[in-house]
Amino acid sequence: MKIAILPGDGIGKEITVEAVRVLKAVCSMAGLSMELEEAPVGGTAYDALGDPLPESTLKLAKEADAILFGAVGGWQYDTLPRAKRPEQAVLGLRKHLNLFANLRPSIVYPELVNASTLKPEVVSGLDILILRELTGDIYFGQPRGIRIAEEGPFKGQREGFDTMRYSEGEIRRIMHVGFAAARKRGKKLCSVDKANVLETMQLWKEVAADVATEYPDIAFSSMYVDNAAMQLVRNPKQFDVIVTGNMFGDILSDEASMLTGSIGMQPSASLNESKKGLYEPIHGSAPDIAGKDVANPLATILSAAMMLRYSFDQEAAADKIESAVRKVLALGLRTADIFETGTTKVGTREMGDAVLKAL
Ligand code: IPM
Ligand code: MG
């Protein structure tokens with residue numbers, strides 16, 4: 001198993017260190033051999049090499065079977081030209097490696113049911129999967145830019161423009177991943193679009209319904225994204241698998257993360273047609289708390305479990321990590337983001353230590 005470790009910026013470094021310790025421990029227990037190689041990415045890579053995704057890092061990522069990614073970004077990079085901004089690293093990796101399927105599960109652990117801002121009865125037992133298409137949509141559509149408007153009441157002023165775009169093949173491809181996932185879970189799939197306003201989304205909806213006919217055992221529905229955003233906080237347990245585009249998936253997955261109590265608990269996997277994957281927490285680099293040993297490493301540790309499951313077919317090893325995480329939660333250990341009275345507050349390293357001990 002060749003794994004590229006790309007810690008990135010801010011808390012990215014602290015949280016990946018903990019996930020790597022857990023990965024090493026579980027692999028030595030299971031007798032699996034791993035080859036780990038680390039490379040700079042994001043602002044860290046820009047500082048060192050003038051590029052958020054240097055050629056050497058991209059090469060390592062291409063050669064690896066899987067990538068463990070921390071987080072990128074920082075206020076000091078906010079004024080850089082877009083091509084040099086840290087976010088370009090993760091967008092570039094997704095595009096170069098064709099990681100079109102982004103799995104973002106939201107699971108409410110019984111111990112954290114009170115950490116959510118929603119009522120316990122709304123979220124307890126929740127287990128949903130947001131499947132976000134990751135290489136298309138307004139994120140990558142051309143043309144885009146900032147230009148001088150040539151007509152209209154604001155003629156002569158600057159205007160920004162981006163292009164929402166999906167081809168039929170791209171929609172079919174992600175839908176098949178979604179239906180296959182639903183088959184292994186709760187056998188329900190909801191496709192989320194904005195077909196009432198956007199042509200791209202009209203096509204999305206049509207193609208989704210067409211693919212659904214190939215999966216008669218899966219209960220299929222479509223929902224507009226504004227309604228989906230509302231339903232996710234009204235009654236999230238109505239969902240099993242949600243399949244949506246890149247932009248809506250970005251927004252809905254952050255929303256869904258709060259159902260679980262903290263974005264610091266949310267892992268993700270971004271997969272291509274083969275089993276290659278990039279695994280990362282869905283949260284960002286949190287520069288305000290970087291280096292303070294307070295960040296929650298569990299999302300990254302759980303991302304390492306997803307890596308073992310999806311890229312290496314090591315179901316048992318993945319289960320071991322997930323059970324260890326449940327165990328430390330049951331023991332009452334909490335980082336600041338999930339702390340509540342009556343539990344024990346621990347730092348990033350202590351949380352890593354506790355997971356290792358539970359393993
Ligand atoms: C995410 C992030 C990224 C995105 C950023 C960092 C480019 O928000 O992974 O959800 O918008 O996809
Ligand atoms: Mg996001």
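Please read these numbers as outputs of a predicted model, since none were measured by experiment. We use all heavy atoms of the structure for the numbers below, so side chains are in, but hydrogens, waters and symmetry mates are not.
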| request: Could you identify which residues cluster with I263, counting Ile, Leu, Val, Met, Phe, Trp and Tyr as linked when any side-chain heavy atoms lie under 4.5 Å apart, either directly or through a chain of such contacts? | output: I282
| query | For K95, does the NZ atom have more than 12 heavy-atom neighbours from other residues, nucleotides or ligands under 6.0 Å away? | reply | yes
| note | Heavy-atom nearest pair, T260 first then S106, reads CG2-CB, 3.8 Å
| Heavy atoms of other groups near K24 NZ, more than 12 under 6.0 Å | no
| query | In terms of hydrophobic clustering (I, L, V, M, F, W, Y; side-chain heavy atoms under 4.5 Å; direct or indirect links), are V17 and L68 co-clustered? | reply | no
| Of all heavy-atom pairs between D9 and K13, which one has the smallest distance, and what is that distance? | CA-NZ, 4.1 Å
| task | Supply the members, apart from Y46, of the Ile/Leu/Val/Met/Phe/Trp/Tyr cluster built from side-chain contacts under 4.5 Å; use none for a lone residue. | result | Y77, L80
| request: For H96, enumerate each residue passing the ring pair (Phe, Tyr, Trp, His ring centres under 6.0 Å) test, keeping only those at least two apart in sequence or located in another chain. | output: none
| task | Decide, yes or no, whether a salt bridge links D65 with K275 under the criterion of side-chain N to carboxylate O below 4.0 Å. | result | no
| Taking atom NZ of K2 as the centre, does the number of heavy atoms from other residues, nucleotides or ligands within less than 6.0 Å exceed 12? | yes
| said: Could you tell me if R147 sits above the aromatic ring of F161, with its cationic atom closer than 6.0 Å to the ring centre and no more than 45 degrees from the axis? | reply: yes
| Hey, does the side chain of S285 reach the backbone of G12 with a donor-acceptor pair shorter than 3.5 angstrom? | no
| Just wondering, are more than 12 heavy atoms of other shown residues or ligands nearer than 6.0 Å to CD in Q76? | yes
